[in-house]
Number of protein chains: 2
Amino acid sequence: MATRTRRSQRRTEALSRERIVEAAVELLDAAGESGLTFRALTERLATGPGAVYWHVANKDELLAAATEGVVTTALTEAAVPPEDSPQEGVRAVALGLSGAIEEHPWLATQLALQLARNPWGTVTARIFESLGRRVRALGVPESGWFTATSALLHYILGAAGQNAANATAPGTGAERAEFLGAVSAAWKDLDPDDYPFTRAVADQMREHDDREQFLAGIDFVLTGITTLHPPGAPPRTPPAGT
Amino acid sequence: MATRTRRSQRRTEALSRERIVEAAVELLDAAGESGLTFRALTERLATGPGAVYWHVANKDELLAAATEGVVTTALTEAAVPPEDSPQEGVRAVALGLSGAIEEHPWLATQLALQLARNPWGTVTARIFESLGRRVRALGVPESGWFTATSALLHYILGAAGQNAANATAPGTGAERAEFLGAVSAAWKDLDPDDYPFTRAVADQMREHDDREQFLAGIDFVLTGITTLHPPGAPPRTPPAGT
DNA sequence: ACCTGAACACCGTTCAAGT
DNA sequence: ACCTGAACACCGTTCAAGT
């Protein structure tokens with residue numbers, strides 16, 4: 001669609017880092033991680049590999065740039081709606097990222113890779129900042145800012161990573177129900193001695209709603225934060241062990 | 001070390017799926033993800049690629065098997081020490097996984113990939129079961145089991161993913177301090193308009209302890225769970241928005 | 001049933017050469 | 001300064017052939 005148009009004016013606009021990253025995102029969206037190769041990329045840009053390497057150090061840097069671009073867009077859009085509370089702001093950030101992963105299924109894997117490879121890089125910093133402002137607005141005392149924001153970040157990235165697979169198989173509600181039914185059935189077939197708990201919640205898994213589940217987890221973390229770091233007070237001791 | 005011994009008896013013990021997975025883990029431990037190639041693997045096993053493909057479908061399956069093996073070991077070991085409380089049990093599971101990632105730095109990335117690719121596969125089920133038993137012991141009413149356990153799972157995997165990089169650069173305390181100092185300095189250099197919060201917590205990030213931070217997050221989730229799902233009661237409404 | 005190993009298609013990256 | 005494109009080293013995977 002837009003491809004045809006863009007291709008016809010190919011050599012009129014000069015190659016640039018942004019053009020390259022843009023094309024990389026398009027390839028990733030269209031065919032997943034395996035769709036992004038230097039051959040596909042150079043064909044789409046009507047150039048040679050050397051030209052790409054002039055603007056980008058290597059494939060890892062290209063993937064990092066694509067990830068950051070998509071995340072930045074998602075966070076900017078998430079910031080638009082007026083928030084009634086810091087809690088809603090946190091949920092908006094989380095759902096914004098979730099939505100971005102739904103649009104770009106490759107994003108979940110890349111976020112995880114970036115996180116593991118470069119734990120405090122620019123991608124992380126962007127999300128961290130968005131969450132941190134809401135944590136501050138929550139009235140958490142300054143001493144708890146870093147800890148509380150990190151916990152939210154970790155939960156959101158972990159949950160988003162798992163829910164990514166839903167995007168890969170977008171499917172109608174029926175397909176989704178079929179998938180959940182299959183997993184639920186598989187759980188019920190697990191060894192009763194090894195997996196008593198998992199078997200017991202097989203029905204709950206079949207009936208669960210990803211978005212509801214995602215938000216419930218955020219509420220656990222938010223509740224924990226406001227309980228253990230009440231506004232204006234020093235942090236309390238964690239829940240007693242024994 | 002053990003390699004020499006094993007190599008000399010190479011053709012006496014027959015090739016098997018377990019031997020292959022074991023060798024894969026050794027290669028991953030020794031040289032990271034890029035160290036596991038079919039060429040390195042077949043050389044170590046003194047065989048050809050066809051032999052490996054007879055036991056294993058492809059590289060993805062091999063990586064999944066390596067991941068599951070290491071996770072299973074970690075969870076089995078984590079279950080050994082007697083627990084004074086369900087809370088301590090959850091912490092033991094989390095620290096067990098953390099420890100496994102420290103020993104096998106490639107594990108964090110692979111866990112993230114497995115999670116995104118096959119969200120309810122056997123690896124996830126193993127961790128889910130370990131956490132779920134403690135959630136049940138916590139007295140959470142049955143209706144909240146799935147939600148509460150999932151939230152713990154997501155937090156732990158997200159946090160473990162980020163802390164993986166520390167293992168890659170194991171380093172002494174001095175190297176670690178240098179790294180944190182560099183990140184902290186980079187945060188202070190961020191644009192004051194775009195990153196006010198991140199700049200404000202740059203010092204906290206430099207002084208933070210990964211393990212403490214990790215456990216603090218678990219306490220947030222546990223506190224949220226026991227607050228919103230008090231024993232014997234139906235779930236309460238989430239924290240008010242406005 | 002299990003293993004061998006040459007061959008294949010494809011990948012990221014380099015670099016001498018052009019403009 | 002920016003781009004070209006042939007060439008390189010390496011990868012996962014296949015498959016006809018052996019035992």
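As the structure is a computational prediction, the values presented were derived from the model and not from experiment. Throughout, protein chains are lettered first and strands after them, A, B, ... in sequence-line order, and every chain is numbered starting at 1.
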Problem set entry | Contacts of A:Ala24 that satisfy side chain to side chain contact (heavy atoms under 4.5 Å, CB included) - sequence neighbours left out | A:Leu36, A:Leu41, A:Leu62
Exercise. Just by distance, do the side chain of A:Arg19 and the backbone of A:Ala14 share a donor-acceptor pair under 3.5 Å?
Worked result: no
Exercise. If we take the C1' atom in both C:dC2 and D:dA17, what is their distance in whole Å?
Worked result: 13 Å
Problem set entry | N/O donor-acceptor pair under 3.5 Å between B:Gln162 side chain and A:Pro119 backbone | yes
Problem set entry | Nucleotide-resolved protein contact map, nucleotides 6-19 of chain C, B/S/- at heavy-atom distance under 4.0 Å | B----BBBBB----
Problem set entry | Set of residues satisfying ring-ring contact (aromatic ring centres under 6.0 Å, His included) with respect to A:His55, sequence neighbours excluded | none
Exercise. Is there a side-chain polar atom (N or O) of B:His55 under 4.0 Å from OP1 or OP2 of C:dA1?
Worked result: no
Exercise. Is the B:Tyr195 to A:Phe128 ring centre distance short of 6.0 Å?
Worked result: no
Exercise. Does D:dC2 have OP1 or OP2 sitting under 4.0 Å from an N or O in the side chain of A:Trp54?
Worked result: yes
Problem set entry | Contacts of type side chain to side chain donor-acceptor pair (under 3.5 Å), residue B:Thr37, not counting sequence neighbours | none
Exercise. Is the shortest distance from a Lys or Arg side-chain nitrogen in B:Arg199 or B:Asp193 to a carboxylate oxygen in the other one below 4.0 Å?
Worked result: no
Exercise. For DNA chain C, what dot-bracket results from Watson-Crick or G-U pairs at under 3.5 Å, with [ ] for crossers and | for inter-strand partners?
Worked result: ||.|||||...|||||.||
For this session: Please identify each residue that fulfils salt bridge (charged side-chain N to carboxylate O under 4.0 Å, His left out) with B:Asp203, with sequence neighbours left out.
Result: B:Lys188, B:Arg206
